[in-house]
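If you're wondering where the values come from, they're calculated on a predicted model, not measured in any experiment.
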Amino acid sequence: MATPLIERGHAPPRTLDGIEEQYLFYLVSGSVRKQAQHFYNCIFEPIFNIPLEQVCPPGLHITLGIFTKIFTLLEEFCHQLDLELAFHNNDDGQSSFCLYSQELQKLQMYTAEILEAKQSQQNLEEVATYMVLNLGESHHITMQFMQQSAERAQSVQQLEAKIAASTRAVKKGFLFNEGPFVKELDKALQGFGVHRQQYFGGAFVGNHVHAALKVRQSTILSV
């Protein structure tokens, strides 16, 4: 069983000298891979003989990574706003967002209509059944209610088909960059000269990140 941390304590920070020392111990012991754990897995010499305190952190790439992470979260938040906006959008354009919004609103309308239609159909069926029992199937009033019930059942089937079609369309969603909020976010970037790389998954360039992090630009992005 492994020794608990409270007993063994934290391992000291690694240094090049320590790695070389453990590597020599590993060589002297016969270079048995199965015993590598006893030498802190130092089974090769360091690739670069440069003291770690002399290694300069890549500031540009660190900034790029942090900015990309934060911007991705901001972009996703804008996309969620687009999804909410789709319920209230009245634009009859042909963009994927507008088409998605139209189908979403249709789906809401059809859902409300089918609930009412089913309730009406049930009421008509109950009345028609009552008429059959009391007046007989051939009575003109009974036949009228049966006809209305059949027509309402047909309406329910048509609404079910419309709901299925709209549901399929809504499940497809819309293009991420065609949502109004996401588009405005992209316009804000372009407004202060930041352009994402077209052929590299929309990646940013380091210098563009520095431009976007200026006080004025970051304020624009945050509002």
Side-chain angles (χ1 to χ4, degrees), residues 2 5-6 9-15 40-41 46-48 50-112 162-223:
L5 177 63
I6 193 172
H10 291 281
R14 285 199 173 192
T15 64
Y40 298 97
N41 294 312
I47 298 176
F48 299 106
I50 303 174
L52 297 180
E53 61 270 14
Q54 294 182 17
V55 176
C56 179
L60 185 63
H61 290 82
I62 292 174
T63 304
L64 179 60
I66 294 174
F67 176 82
T68 301
K69 178 67 174 179
I70 295 174
F71 184 84
T72 300
L73 292 174
L74 177 60
E75 196 174 42
E76 180 59 34
F77 179 74
C78 288
H79 181 61
Q80 293 302 318
L81 291 177
D82 287 333
L83 290 173
E84 295 180 18
L85 179 64
F87 285 97
H88 313 286
N89 178 55
N90 294 319
D91 189 353
D92 58 354
Q94 295 300 309
S95 69
S96 64
F97 173 77
C98 290
L99 295 176
Y100 170 84
S101 180
Q102 293 164 18
E103 291 297 336
L104 186 63
Q105 292 175 26
K106 286 181 184 178
L107 183 59
Q108 286 183 305
M109 179 181 66
Y110 295 150
T111 301
K162 291 180 179 179
I163 288 175
S166 291
T167 300
R168 289 193 296 269
V170 168
K171 283 184 177 180
K172 292 180 181 178
F174 56 91
L175 296 177
F176 189 86
N177 60 354
E178 287 195 358
F181 282 97
V182 173
K183 286 175 70 174
E184 287 300 317
L185 183 61
D186 191 54
K187 286 181 182 178
L189 286 178
Q190 296 179 14
F192 38 80
V194 175
H195 302 281
R196 306 179 77 168
Q197 300 301 293
Q198 183 175 2
Y199 300 107
F200 297 95
F204 290 101
V205 175
N207 291 331
H208 286 173
V209 169
H210 287 168
L213 289 175
K214 290 181 179 180
V215 175
R216 178 178 176 275
Q217 280 82 323
S218 59
T219 301
I220 293 174
L221 287 176
S222 64
V223 297

Legend entry - Contacts of Glu75 that satisfy side-chain hydrogen bond (donor to acceptor under 3.5 Å, both in side chains) - sequence neighbours left out: Arg196
Legend entry - For Phe174, side-chain contact (heavy atoms from CB on, under 4.5 Å) partners two or more places apart: His79, Asp82, Leu83, Ser96, Phe97, Tyr100
Legend entry - Between CD on residue Glu178 and SG on residue Cys98, distance to nearest 0.5 Å: 8.5 Å
Legend entry - Contact check, side chains of Leu60 and Leu64, non-hydrogen atoms, under 4.5 Å: no
Inset, instruction - Could you tell me whether Phe176 atom CZ has more than 12 heavy atoms of other residues or ligands within 6.0 Å of it? - result: yes
Inset, instruction - Verify, without hydrogens or angle tests, whether Gln102 (side chain) and Gln94 (backbone) share a donor-acceptor contact under 3.5 angstrom. - result: no
Legend entry - Residues that Phe181 engages under ring-ring contact (aromatic ring centres under 6.0 Å, His included), provided they are two or more places apart: none
Inset, instruction - Please check if any side-chain donor atom of Gln80 sits under 3.5 Å from a side-chain acceptor atom of Glu76, or the reverse. - result: yes
Inset, instruction - List the atom of Val170, the atom of Leu107, and the distance in Å for their closest heavy-atom pair. - result: CG2-CD2, 4.3 Å
Legend entry - Closest heavy-atom pair and its distance - Asn177, Val182: CA-CG1, 3.9 Å
Inset, instruction - Please identify each residue that fulfils salt bridge (Lys or Arg N to Asp or Glu O under 4.0 Å) with Lys106, with sequence neighbours left out. - result: Glu103
Legend entry - CG on Asp92 to CG on Leu99, rounded to 0.5 Å: 10.0 Å
Legend entry - All salt bridge (Lys or Arg N to Asp or Glu O under 4.0 Å) counterparts of Lys187, not counting sequence neighbours: Glu184
Legend entry - Value rounded to 0.5 Å, distance of OG in Ser166 from CD in Gln108: 11.0 Å
Inset, instruction - Report yes if the side chains of Leu74 and Leu185 come closer than 4.5 Å at any heavy-atom pair, otherwise no. - result: yes
Legend entry - Counterpart residues, ring-ring contact (aromatic ring centres under 6.0 Å, His included), relative to Phe77 (two or more places apart): none
